[in-house]
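Starting from 1, each residue takes its place in the sequence as its number.
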Amino acid sequence: MDSSSGEESDLSESEINEYKEKPYEEIRSGKYKVKALNGSLRCPFCAGKKKQDYKYKDLLQHASGVGKGSANRSAKQRANHLALAKYLEIDLASEADETSRPTVPQVVDQTPEQTELYVWPWMGIIMNIVAESKNIDTLHDKGYWLKRFAKYKPNNVQCFWNEVDLTGQAIVVFNSDWNGFVNATQFEKAFESECHSKKHWNGQQTQLGSNIYGWCARADDYQSDGPIGDYLRKVGKLQTISGIVQEAAQDRNSVVANLTTKIDLTNENLDELQYKYNETTMSLSRMLEEKDRLHLAFIEETRKMQRLARDNVRRILEEQEKLNHELETKKRKIDNWTRELNKRETLTERERQKLDEEKKKNNERNNSLQLASMEQKKADENVLRLVEEQKREKEEALKKILLLEKQLDIKQKLEMEIEDLKGKLQVMKHLGQDDAAVQKKMEEMNNELQEKIDDLQDLESTNKALIYKERQSNDELQEARKVLIQGLPELLGNRTNIGLKRMGELDPKAFHDTCKSRFPSDEAEIQATTLCSSWQENLKNPDWHPFKVIVEGGNPKEILNEEDEKLTNLKLEWGEEIYNAVVTALKELNEYNPSGRYVISELWNFKENRKATLKEVVGYVVRNIKTAKRKRT
């Protein structure tokens, strides 16, 4: 909001030029501060903006842009900014002169060092490198010299060698900036402190020894003969320090001048764009007002047309309903006349035809029933035959099992007799080896022992044959169970004492009961189904085996691990009923299908809650078939 006046009403467009004189005088009197204590300029009418510090030119551009017209500014704000622009142009014109006045470089007296010619980029020269056979490879390595003079931060080292006397020279290249000059100077001072500078090199040409000499490359090095001079002339040039400073200043002034020119052009473009933006905004505002007016007219016209259309539709529907009522009345009259005529016409021939058709349909229905009865009778006979065969095979298996048990007893008895005879023979051998009677007795006992061993071998052969037949019979019994499970689902239902039970399948009733107590009725069914499916998938996971093995009575036994994390969380989150359902399914899977971990069907005695025997299932099937026969007869 504008803080220049407490008036609630705003100004009109025609009063802007008259009103701007008042805030102008208030700015001049010091009521509104334009220039801050630190010398920066600010807009007193935009106190809530983030930007408060302006340069003279930027503030003048801001004030002129808002004053010339902005769609989101009121007329009073525009008048205030026009007053600010007037104050800047008249009273603070000196600020514009100060900001536009160019900086005049001061003339500084140059020192001899600044006028001395150096090779630029900055380079150092190393002389009198004497190589020996033990360190020749090291001195030839450029990395050695970079590491040795690392504290001066060289960029590169170029070595020149005389292969005849194994002496060499090197040039150390530094950065081309002032940091490089400082490093090159320190490089030279280090050699001066060791009395190995250029002056010492020139004074001791005959007594150089094995010490190296170094200095910064200058004009005499640049113009010298040999590989050093050639390299310096190839990669560098002669420059004075003052010349480098002046060249950098000229480059900087050129960049500043170019940037200033670009900024002026950009500001001019911004002013032009601001003016075009203001024009476009005002035009857009007028278009929006016109659009709103047309939209309101369109809405009013649309409502009027909809009201007329509803009246017409209502009138048409009323007329249609009236016509439909008249048509239905006439239709009922015609139907009554038609029924009367039909009654009179169908007293004779039509009734006889109808009776003949009914007789034919009854005969066809009776024939179909007879055929179905015959098919059912054949099926019952096949089932009875299958049941009788299974019953006979089971009886034979039981007989074989009894015979096996009897033979096992005989085998054990024979083994005991053989062991007893072997013991007696051992005793006889120790008691009387020279006695003829004892020798004869031992021979008789050996014959008896051999007979017992032969009987035992015959018995084992018979036993193996019986075991094979018993296994074969057991396989046939298991196959019979599978046939009963697959072929008689309509007789083995869940509502009878004997039926099929899906082992390892979760009881959905526990999930539905729990979810009904926790969720609304429309959501409980979905939640129960989702939760039951999720835990059924968990049961199929072979990696989850919540069982542990304990030793009970000297025998290992597998029991449920009630401390399993999944089971514990299930019990805490969903309660005992769902927990018990999951535990029951887990135990069934672990007992009936531990390797596959999927649901299988099993013949079940629901009355005693255990696995049904084949005898119980066969008896139940026979009773059902007999009952079905009695019902048909």
Side-chain angles (χ1 to χ4, degrees), residues 401 470-471 474-475 477-482 484-486 489 492-521 523-617:
I401 290 170
E470 190 272 335
R471 287 179 181 173
N474 188 48
D475 292 340
L477 290 174
Q478 293 299 325
E479 189 65 29
R481 289 185 72 90
K482 291 181 182 179
L484 287 172
I485 291 172
Q486 297 174 359
L492 301 177
N494 289 330
R495 297 182 181 178
T496 57
N497 293 337
I498 303 297
L500 289 178
K501 182 179 180 182
R502 291 175 62 79
M503 310 307 291
E505 186 173 59
L506 289 172
D507 183 10
K509 184 177 181 299
F511 291 86
H512 286 287
D513 293 344
T514 303
C515 290
K516 282 180 182 178
S517 63
R518 297 191 181 191
F519 301 100
S521 57
E523 188 181 352
E525 186 72 22
I526 299 173
Q527 289 287 345
T529 304
T530 304
L531 185 61
C532 184
S533 300
S534 173
W535 275 98
Q536 191 67 59
E537 290 300 319
N538 287 337
L539 294 178
K540 293 179 181 179
N541 184 7
D543 295 330
W544 183 45
H545 190 73
F547 292 91
K548 59 183 179 180
V549 179
I550 62 171
V551 178
E552 188 176 281
N555 296 320
K557 182 180 179 182
E558 193 173 39
I559 63 171
L560 184 72
N561 183 12
E562 297 181 354
E563 297 178 357
D564 181 75
E565 184 179 356
K566 277 190 178 182
L567 293 178
T568 305
N569 294 337
L570 174 66
K571 190 173 184 179
L572 291 175
E573 185 177 358
W574 294 101
E576 289 283 347
E577 191 172 1
I578 292 180
Y579 171 79
N580 292 333
V582 172
V583 168
T584 302
L586 264 173
K587 290 179 178 178
E588 290 176 353
L589 280 177
N590 197 48
E591 180 180 357
Y592 290 94
N593 192 13
S595 59
R597 293 297 289 270
Y598 55 84
V599 178
I600 61 172
S601 297
E602 185 57 80
L603 298 171
W604 198 257
N605 188 329
F606 290 100
K607 184 177 180 180
E608 300 181 10
N609 195 25
R610 60 172 174 78
K611 183 177 178 180
T613 63
L614 196 61
K615 181 179 179 181
E616 292 172 340
V617 178

**Prompt:** Should L560 and F547 count as side-chain neighbours, where that means a heavy-atom distance under 4.5 Å?
**Reply:** yes
**Message:** Determine whether L589 and K540 satisfy the following criterion, side-chain contact (heavy atoms from CB on, under 4.5 Å), listing intermediate values before the conclusion.
**Reply:** CA-CA 9 Å; L589 280 177; K540 293 179 181 179; over 6 Å; no
**Asked** Is the W604 ring parallel, tilted or perpendicular to the Y592 ring (thresholds 30°, 60°)?
**Response** perpendicular
**Prompt:** Has Y598 got more than 12 heavy atoms of other residues, nucleotides or ligands less than 6.0 Å from its OH?
**Reply:** no
**CD/E608: more than 12 non-hydrogen atoms of other groups inside 6.0 Å** = yes
**Complete:** Output for pair (E577 CD, F511 CZ), nearest 0.5 Å, gives 9.5 Å
**Message:** Let me confirm one number: the CG-CG distance from L572 to L567, rounded to the nearest 0.5 Å.
**Reply:** 11.0 Å
**Distance, nearest 0.5 Å, that separates CD of E576 from OG1 of T514** = 10.5 Å
**Item:** Value rounded to 0.5 Å, distance of CG in D564 from CG in L570
**Value:** 10.0 Å
**Qualifying residues under side chain to side chain donor-acceptor pair (under 3.5 Å), relative to D507, sequence neighbours excluded** = none
**Item:** Over 12 foreign heavy atoms within 6.0 Å of NZ, K566
**Value:** yes
**Prompt:** How far does CD of E552 sit from NZ of K557, to the nearest 0.5 angstrom?
**Reply:** 4.5 Å
**Request:** Could you tell me whether the side chain of Q536 reaches within less than 4.5 Å of the side chain of V599, counting heavy atoms only?
**Result:** yes
**Message:** Working to the nearest 0.5 angstrom, can you tell me the gap between L539 CG and N590 CG?
**Reply:** 11.5 Å
**side-chain contact (heavy atoms from CB on, under 4.5 Å) between I578 and W535, intermediate numbers included** = CA-CA 10 Å; I578 292 180; W535 275 98; 5.5 Å; no
**Message:** Are the side chains of K501 and E588 in contact, using a 4.5 Å heavy-atom criterion?
**Reply:** yes
**Prompt:** Any ion pair linking K548 and E558 (charged N to carboxylate O, less than 4.0 Å)?
**Reply:** no
